[in-house]
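In what follows, a single structure is set out as structure tokens and then discussed.
All of these numbers come straight from a predicted model, not from anything done at the bench. One-based numbering, in listed order, for ligands and for the atoms of each. Basis for what follows: all heavy atoms, side chains included, without hydrogens, waters or symmetry-related copies.
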Amino acid sequence: MIIVLLGAPGAGKGTLAGALKEQLGVHHISTGDLIRAEIKAGTAIGLEIKRYVESGALVPDEVVTRMIELRIAATARDGKGYMFDGFPRTSAQAVELDKILSRNTLKIDFALFMEASVDIVIQRLTGRRVCRACGALFHLKNMPSKKPGVCDACGGELYQRADDNEETIKKRMTVYNESTMPIVDHYRLQGKLKMVNADGGAEQVRVALLKILNEVNEKKS
Ligand code: AMP
């Protein structure tokens, strides 16, 4: 199964993928995670793209698309499928993803558009905490860790992402509306768009996605 998760920053894409990747047995590919790993490792690419991420802008399409291409080339043959989280984020990336998959004789099953209100995503992003060691996601109010500042899964230290501050969040929302929203039509035109209301929280969206998966699987068989 190949699924694209679409939605504003804070819509819950990472939380949903975290909750379902093992159950579905798919590769979870988050370009945000790949980019942060490059920056943390201080690679040449990491140094080049840090300023985009810190200001809430998008990293250039060629850089992100190349990262995806390498991941897909390394895993396409295992047949596990993918859950793309935070990619594609521009129309050019959506077109490239179709081409990369097609070169590997694969195609997207559906894109899940997780619709969430602005107030809710801002509240989610400002309270979000991430494990430095394993990347698990928490929220100060909605999903607090058992021990403050410590990851429930691995005991790692929880931190607040540098771009989860109000000023950068506003910029990310503008970028989302201008560059990412148009790709909803890319999938609508392909008849692959599924919508879910993501205001209600992780469990509600997880159940909705499983229902959609059943329907898609039934159509396939
Ligand atoms: P995320 O973790 O998905 O919220 O992404 C964090 C930041 O990484 C974004 O604000 C962008 O600067 C960058 N980024 C992540 N995915 C992409 C992408 N597909 N295209 C361009 N930039 C991206």
Side-chain angles (χ1 to χ4, degrees), residues 2-18 21 27-41 43 45-72 82-101 108 111-114 116 118 120-132 134-139 158-184 186-187 198 202 205:
I2 301 184
I3 305 166
V4 169
L5 299 180
L6 292 175
K13 302 182 297 294
T15 305
L16 180 67
K21 64 182 172 194
H27 295 285
H28 169 206
I29 301 193
S30 153
T31 39
D33 286 349
L34 295 176
I35 286 167
R36 279 183 292 279
E38 293 282 349
I39 295 173
K40 193 174 166 196
T43 63
I45 291 180
L47 292 173
E48 188 192 320
I49 61 184
K50 194 169 183 246
R51 64 198 158 102
Y52 295 102
V53 180
E54 284 180 351
S55 68
L58 291 182
V59 168
D61 287 337
E62 317 78 69
V63 177
V64 189
T65 306
R66 181 83 188 121
M67 286 179 178
I68 290 286
E69 193 162 20
L70 291 173
R71 290 296 175 301
I72 293 180
Y82 300 95
M83 195 175 259
F84 292 105
D85 157 9
F87 183 89
R89 248 175 163 104
T90 63
S91 297
Q93 290 180 16
V95 170
E96 271 311 306
L97 179 59
D98 288 345
K99 285 189 194 159
I100 295 167
L101 289 172
I108 290 164
L112 184 72
F113 178 35
M114 300 169 64
V118 175
I120 288 189
V121 299
I122 290 178
Q123 185 262 347
R124 283 185 189 157
L125 292 173
T126 48
R128 174 161 70 182
R129 295 294 181 270
V130 188
C131 175
R132 223 179 261 290
C134 74
L137 296 173
F138 296 88
H139 187 278
L158 301 185
Y159 79 107
Q160 181 171 29
R161 274 172 46 175
D163 58 347
D164 277 347
N165 65 76
E166 277 201 40
E167 194 193 331
T168 314
I169 290 169
K170 277 191 196 138
K171 164 85 176 161
R172 287 158 68 201
M173 296 305 286
T174 307
V175 167
Y176 170 76
N177 286 326
E178 287 172 1
S179 303
T180 309
M181 270 304 277
I183 66 175
V184 168
H186 177 87
Y187 295 109
V205 179

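For ligand 1, the atoms lying closer than 4.0 Å to a non-hydrogen atom of Thr31 are 15 (C), 16 (N), 17 (C), 18 (C), 19 (N). Below 4.0 Å from some heavy atom of Asp163 lie the following atoms of ligand 1, by number and element: 6 (C). Close approach of ligand 1 to Gln93 (heavy-atom distance below 4.0 Å) involves ligand atoms 18 (C), 19 (N), 20 (N), 21 (C).
Remark: ligand 1 and Phe87 share no N or O pair separated by less than 3.5 Å (distance only, no angle test). Considering backbone and side-chain atoms together, Arg161 places an N or O closer than 3.5 Å to an N or O of ligand 1.
Between the side chains of His186 and Asp98, at least one donor N or O lies within less than 3.5 Å of an accepting N or O.
Among Ala92, Ala57, Ala94, the residue whose heavy atom lies nearest to atom 12 (O) of ligand 1 is Ala57. For atom 14 (N) of ligand 1, the candidate residues are Ile35, Leu58, Val59; the nearest heavy-atom contact is made by Ile35.
Heavy-atom separations between Arg36 and ligand 1 include at least one value shorter than 4.0 Å.
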Report task. Check step by step if salt bridge (charged side-chain N to carboxylate O under 4.0 Å, His left out) holds for Arg66 and Glu69. Result -> CA-CA 5 Å; Arg66 181 83 188 121; Glu69 193 162 20; 3.8 Å; yes
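Residues Met114 and Leu16 have side chains in contact (heavy-atom distance under 4.5 Å, counting atoms from C-beta outward). Side-chain atoms of Ile2 and Phe84, non-hydrogen and from C-beta on, do get closer than 4.5 Å to each other.
Scanning the protein for heavy atoms near atom 18 (C) of ligand 1, the closest one is Arg89 CD, 3.5 Å.
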